[in-house]
Amino acid sequence: MKIHFYAPMKPPDHPEPSGDRRMARLLIHALKLCGHEVTLAPAPRAYDGAGDPVYQQAIQKAASAYTETLIASPPSAWPDLWFTYHVYHKTPDWIGPAAARALHIPYVIVEASHAAKAASSAWALGHRGAELAIRSADLIFSITTVDKEGIAPLLSRRQAHLNLPPFLDLSAFAQRKRQPYPNGEPVKLLTAAMMRHDAKLESYRLLAEYLLRLKQQNWRLTIAGDGPARAEVAQALSPLGLERVNFLGQVDEADMPGIYAAADLFLWPAAGESYGMAMLEAQAAGLPVIAGRGRGVAEVVRDGETGFLTPNGDGEAFISVTDFLIADATARHKLGDAAAKFVRQSRSIDTAAGILGNGLAMLAPGAVAAGA
């Protein structure tokens with residue numbers, strides 16, 4: 001099928017790295033593995049992080065103009081299916097439902113979220129757009145259990161709703177092994193995350209607080225990531241001392257497998273985290289993960305098997321398991337081996353391509369989208 005791919009939050013060619021951009025690229029790759037022809041729809045970005053009703057109206061207007069242009073184009077330019085990644089009240093999809101209805105093609109969403117409280121928030125218009133998209137989709141793939149349960153009340157019997165757990169292209173990790181280190185060497189802790197003025201900054205602040213309270217002292221921390229909150233992150237971590245923390249700044253995606261392979265343990269408090277691609281990547285490299293039990297973190301880390309998930313905001317629990325794994329190399333290696341096996345067996349792009357392919361096969365060409 002000819003598929004038009006739309007990522008209203010952050011397109012896959014956006015210059016700023018993030019988990020959202022990474023997943024968009026992975027989805028396109030997986031769809032191509034299924035044999036589909038994928039075109040990135042040159043549609044307007046729909047993200048409104050500030051809650052500006054005027055801007056949301058402008059987004060809706062631009063989306064309508066794009067949709068009219070698409071519908072007016074020659075039929076040879078039309079897609080066989082409209083595929084949207086990441087829909088919620090801050091990133092509504094005003095294009096997919098209208099385009100699918102007019103062109104008589106299926107409409108598919110990956111990662112849709114619904115928050116009823118947003119209906120009376122500054123994002124009320126975006127909330128309506130997201131809800132319309134969710135109700136219009138012929139097929140929705142949910143990445144997390146939280147999202148799947150959240151949108152279930154909006155769906156009708158005619159809509160298909162499937163699980164698509166977070167996944168990775170493991171080719172970059174295939175030849176990389178964790179390197180053994182001599183006894184007495186500091187345990188190499190790693191964090192990889194953008195530095196933004198939101199939940200990311202809160203996680204960095206929590207991480208600094210927890211590390212200051214560790215009983216075990218034989219460790220060093222490496223941080224891969226950059227962003228507008230770098231100064232605040234550096235300030236939060238400054239009490240740890242420059243000799244303990246190594247800031248790598250922004251790291252090219254191709255270089256990250258080597259960064260993971262050089263570490264022993266991945267840490268992230270995961271405040272407000274949807275699921276966290278970096279935690280999945282760390283496990284692919286054989287690192288155990290210690291993280292807060294965020295919204296969808298349990299989708300990427302198996303508590304007690306590939307790492308440990310601690311209750312959100314429970315510093316004592318996070319500190320306790322970190323102390324334990326710093327002190328016990330055998331436990332780290334056992335968890336790390338299980339982590340690599342888990343990702344290889346159930347979170348590969350080939351597995352995801354199978355799920356996507358089977359789901360799309362249910363949508364016969366020419367199927368009429370919801371609302372027609």
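Side chain of D48 to backbone of G51: a donor-acceptor contact under 3.5 angstrom is found. Side chain of Q159 to main chain of I134: a donor-acceptor pair is present (N/O by atom type, distance under 3.5 Å, no hydrogens or angles). When atom types are taken as modelled, the side chain of D264 and the backbone of R332 share no donor-acceptor pair closer than 3.5 angstrom. Judged purely by atom type and a 3.5 angstrom limit, T91 uses its side chain to pair as donor or acceptor with the backbone of H86. Distance alone, capped at 3.5 Å, is enough to place a donor-acceptor pair between the W78 side chain and the S73 backbone.
Between the NE2 atom of H161 and the NZ atom of K148 there is a distance of 5.5 Å, given to the nearest 0.5 Å. Atom CD1 in I59 sits 9.5 Å away from atom CZ in R45 (nearest 0.5 Å). Atom-to-atom distance recorded for L287:CG and L189:CG is 10.5 Å, nearest 0.5 angstrom. To the nearest 0.5 angstrom, Q56 atom CD is 11.5 Å from H127 atom NE2. The CZ atom of R344 sits 14.0 Å away from atom CZ of R347, with the distance rounded to the nearest 0.5 Å.
A salt bridge does not link E209 with R205: none of the charged nitrogens is closer than 4.0 Å to a carboxylate oxygen. Between D314 and R293 no salt bridge is recorded (no basic side-chain N to carboxylate O distance below 4.0 Å). Between D169 and R25, no side-chain nitrogen of the basic residue sits less than 4.0 Å from a carboxylate oxygen of the acidic one, so the salt-bridge criterion is not met. Salt bridge annotation for E243-R220: absent, with no cationic side-chain nitrogen under 4.0 angstrom from a carboxylate oxygen. Salt bridge D147/R295: present, at least one basic N to carboxylate O contact under 4.0 Å. Here R196 pairs with D198 in a salt bridge; the nearest charged N to carboxylate O distance falls below 4.0 Å. In this structure, E37 does not pair ionically with K32, as no charged nitrogen and carboxylate oxygen lie closer than 4.0 Å.
Here the side chains of V108 and I140 are not in contact, with every heavy-atom distance at 4.5 Å or above. Side-chain atoms of P228 and M195, non-hydrogen and from C-beta on, never get closer than 4.5 Å to each other. Taking the side chain as every heavy atom from C-beta outward, P79 and L103 approach each other to under 4.5 Å. Under the 4.5 Å side-chain criterion, counting only non-hydrogen atoms from C-beta, L125 is in contact with Q60. The shortest distance between side-chain heavy atoms of T39 and I3 does not fall below 4.5 Å. Using a 4.5 Å cut-off on side-chain heavy atoms (C-beta onward), L267 and L190 make no contact. Inter-residue side-chain proximity for I223 and V245 is flagged as met; some heavy-atom pair is nearer than 4.5 Å. Looking only at side-chain heavy atoms (C-beta outward), E299 and T145 come within less than 4.5 Å of each other.
For the side-chain contact (heavy atoms from CB on, under 4.5 Å) with P165, the lone residue among I355, T144, L280 that qualifies is I355. Screening Y107, Y6, Y88 against D93 for a side chain to side chain donor-acceptor pair (under 3.5 Å) leaves a single residue, Y107.
For T306 and Q283, the side-chain atoms include at least one donor-acceptor pair closer than 3.5 Å. A donor-acceptor pair shorter than 3.5 Å can be found between the side chains of W82 and T84. For the residue pair S64 and T67, no side-chain donor N or O sits within less than 3.5 Å of a side-chain acceptor on the partner. Side chain to side chain, K10 and S18 meet the donor-acceptor criterion of an N or O pair below 3.5 Å. Using modelled atom types, one finds no donor on one side chain facing an acceptor on the other under 3.5 Å when comparing D323 with Q216. No side-chain donor-acceptor contact under 3.5 Å links S142 and E111. Looking at Q217 and R244, their side chains do bring a donor and an acceptor atom within 3.5 Å of each other.
By the criterion of side-chain heavy atoms lying less than 4.5 angstrom apart, applied directly or through intervening Ile, Leu, Val, Met, Phe, Trp or Tyr residues, L237 is grouped together with L248 in one hydrophobic cluster. Under a hydrophobic clustering in which Ile, Leu, Val, Met, Phe, Trp and Tyr are joined whenever their side-chain heavy atoms come within less than 4.5 Å, directly or via other members, L40 and Y47 fall into different clusters. By the rule that hydrophobic residues join a cluster once side-chain heavy atoms approach within less than 4.5 Å of another member, I109 and M9 end up as members of separate clusters. One hydrophobic cluster, built from ILVMFWY side chains closer than 4.5 Å, holds both L26 and F342. A single hydrophobic cluster is not seen to contain both L132 and L155; linkage of ILVMFWY side chains at heavy-atom distances under 4.5 Å, directly or through other members, places them apart.
Residues in residues 205-242 take part in these ring-ring contact (aromatic ring centres under 6.0 Å, His included) pairs, two or more places apart or across chains: Y210-F318.
Other residues, nucleotides and ligands contribute only 12 or fewer heavy atoms inside 6.0 Å of the CD atom of Q235.
Not less than 6.0 angstrom separates the ring centroid of Y55 from the ring centroid of W123. Checked against the 6.0 Å centroid criterion, the rings of H114 and H89 do not qualify as a close aromatic pair.
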I'd like to know whether I319 forms a side chain to side chain contact (heavy atoms under 4.5 Å, CB included) with T322, so could you lay out the CA-CA distance, the side-chain angles of the two residues, the decisive distance to 0.1 Å, and finally the verdict. CA-CA 5 Å; I319 293 162; T322 303; 5.7 Å; no

Apply side chain to side chain contact (heavy atoms under 4.5 Å, CB included) to L162 and M362, showing your working. CA-CA 12 Å; L162 303 176; M362 299 187 304; 4.0 Å; yes

Test log, rule side chain to side chain contact (heavy atoms under 4.5 Å, CB included), inputs F167 and I143: CA-CA 9 Å; F167 61 93; I143 290 182; over 6 Å; no

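The shortest non-hydrogen separation linking A192 to A278 is O-CB, 3.5 Å. The two residues K200 and A193 come nearest to each other via the heavy atoms CD-CB, 4.5 Å. Residues A99 and I105 come closest through the heavy atom pair O-CG1, 4.5 Å. Nearest approach of I326 to N218, heavy atoms of both residues: CG2-O, 4.0 Å. Nearest approach of Q345 to T351, heavy atoms of both residues: O-OG1, 4.1 Å.
Listed by chain and residue number, nothing satisfies the side-chain hydrogen bond (donor to acceptor under 3.5 Å, both in side chains) test with H36 (two or more places apart in sequence, or in another chain). Under the ring-ring contact (aromatic ring centres under 6.0 Å, His included) criterion, F141 pairs with no residue, sequence neighbours left out.
Using cut-offs of 30° and 60° for the angle between ring planes, the F324 and F308 rings count as perpendicular.
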